[in-house]
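Have a look at the structure below, then the notes.
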Amino acid sequence: MRTAKPQFESLEKCLSDHLPPKELAEVKRILYGKDIPKLDINVETKRLAEEHDFEIQSYNFEANVEQLRAPRIVKIGLIQNQIVLPTTSPVKAQQDALYNRIATLIKAAASCGVNILCLQEAWTMPFAFCTRERLPWCEFAESAEEGPSIVFIQKLCVQYNMVIVSPILERDNNNGEVLWNTAVVISNTGHVLGKHRKNHIPRVGDFNESTYYMEGNTGHPVFQTHFGRIAINICYGRHHPQNWLMFGVNGAEVVFNPSATVGDLSEPLWGIEARNAAIANSYFTCAINRVGTEVFPQEFTSGDGQPAHRDFGHFYGSSYVTGPDGSRTPGLSRTRDGLLVAQLDLNLCRQMKDSWGFRLTQRLDLYAKSLTEATNGDHVPQII
Ligand SMILES: NC(=O)NCCC(=O)O
């Protein structure tokens, strides 16, 4: 499915098209931090990208050389994509078309040597939660342990020796068949390492997700993978600094933020929140957003005074990676499917803890005490 109306392609493209090189370098330094060198993309990956019409960008986050620790190099991949078939197509056809598309993008990630890959929020379906309709959308839900997309991804994990974070609509068959918004972590040996359920559920604009599932009950798990410690802060959780904080407290080195969000609502916040989280928590963050405009069969409203409509607005892509030093990659396109590859030296996390000291100075004990008091029913604000 193609974008409904012509869209602005990307902030970075606009800047480099219109600024002289010297000014561009200064603007980038101030907006994005130190320059992240590009990594070469091999011929096979470029061929895949051209043949299958997706964008590919690749960067290298370097760290200082240490005397006692070897560099801890890991390659991560972020995939953003449009849905493939119209939302009126049979459910199975929509699923199969998405599997097909994602298989190609994952193949490209493998040919770049990606070790850990994350897909976008609810990648197995259109983001139909705006509609508040039950059918057919609930039919996309599946077991996080043995659902069809899990089995599909497990095979790719083994084939490519890759850890894959697969955000799906979960149906918990052991507990009343209720739905959750869940990210499943599948190891490079094809085992389900665990899952995390979205902690913060939006109630804004057309994001009527609370009609389908409740706030997650899995806390803030960090997954020890073969390639590093990762966590997942699903979409709306990125507006909650405490959510990011807890993944850091639990030792994450890379936090993925698989999302589905639209321009009118959140775009000015997009470049700030995940990036700030990387700085404050001394880890890498990876913000991933879907692309395109998804049109639904029936009109819907969301009680916000807008006329009835059949689409959510434009999902603006713009996926990017930030390092713990605040440096960030450019975003992928606002309009095209894409793969963003970043080589990280995880040693940068501790190096930032040592130099800036945010983990040393963050005063968790003070806030634990103050928050305990503030969440008491009889809290009196400290106003003097
Ligand atoms: N998927 C989701 O939680 N979207 C909410 C909108 C936003 O956080 O920008």
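As the structure lists them, so they are numbered: ligands from 1, and atoms in each ligand from 1. The structure displayed is predicted, hence computed values, not measured ones.
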Identify, for [atom], the protein heavy atom at the shortest distance, and state residue, atom and that distance.
atom	value
atom 5 (C) of ligand 1	F207 CD2, 3.5 Å
atom 3 (O) of ligand 1	K198 NZ, 2.7 Å
atom 8 (O) of ligand 1	H239 NE2, 2.6 Å
atom 9 (O) of ligand 1	T261 OG1, 2.5 Å
atom 1 (N) of ligand 1	E121 OE1, 2.8 Å
atom 2 (C) of ligand 1	C235 SG, 2.9 Å
atom 6 (C) of ligand 1	L265 CD2, 3.5 Å

Give a yes/no on ligand 1: does S259 have at least one heavy atom closer than 4.0 angstrom to it?
->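 Checking ligand 1 against S259, which is what was asked, there is no heavy-atom contact under 4.0 Å.
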Among the heavy atoms of E209, does any lie under 4.0 Å from an atom of ligand 1?
->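 Within the 4.0 Å threshold, so yes.
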Counting from 1, what ligand 1 atoms have a heavy atom of [X] closer than 4.0 Å?
X	value
S266	9 (O)
R238	7 (C), 8 (O), 9 (O)
F127	1 (N)
A260	1 (N), 2 (C), 4 (N)
P202	2 (C), 3 (O), 5 (C)

Would you check if the distance from the ring center of [X] to the ring center of [Y] is below 6.0 Å?
X	Y	result
F207	F312	yes
Y212	W137	no
F61	F284	yes

Among the clusters formed by ILVMFWY side chains lying less than 4.5 Å apart, do Y160 and W123 turn up in the same one?
->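 Per the 4.5 Å side-chain linkage, Y160 and W123 are co-clustered.
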Single hit among R203, K198, R132 for salt bridge (charged side-chain N to carboxylate O under 4.0 Å, His left out) with E209 =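 Answer after filtering R203, K198, R132: K198.
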Run the numbers on Y213 and F129 for ring pair (Phe, Tyr, Trp, His ring centres under 6.0 Å), then give the verdict.
-> CA-CA 10 Å; Y213 40 77; F129 311 119; 5.4 Å; yes
Evaluate the ring pair (Phe, Tyr, Trp, His ring centres under 6.0 Å) criterion for residues F247 and H196: first the C-alpha distance (whole Å), next the side-chain angles of each, then the deciding distance (0.1 Å), finally the verdict.
-> CA-CA 11 Å; F247 294 118; H196 174 57; 5.5 Å; yes
Using the six-membered ring of F227, assess whether NZ or CZ of R72 lies under 6.0 Å from its centre and within 45 degrees of the ring axis.
->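 So R72 doesn't make the cation-pi contact.
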Give a yes/no verdict on a cation-pi contact between R328 and Y32, requiring under 6.0 Å between NZ or CZ and the six-membered ring centre and an angle within 45° of the axis.
->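 Relative to the ring axis of Y32, which defines the angle, R328 lies inside both limits.
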Which bit of Y236 gets closer than 4.0 Å to ligand 1, counting heavy atoms only: side chain, backbone, both or neither?
->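 Answer for Y236: both.
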I153 versus I106: any side-chain heavy-atom pair under 4.5 Å?
->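 Yes, side chains in contact.
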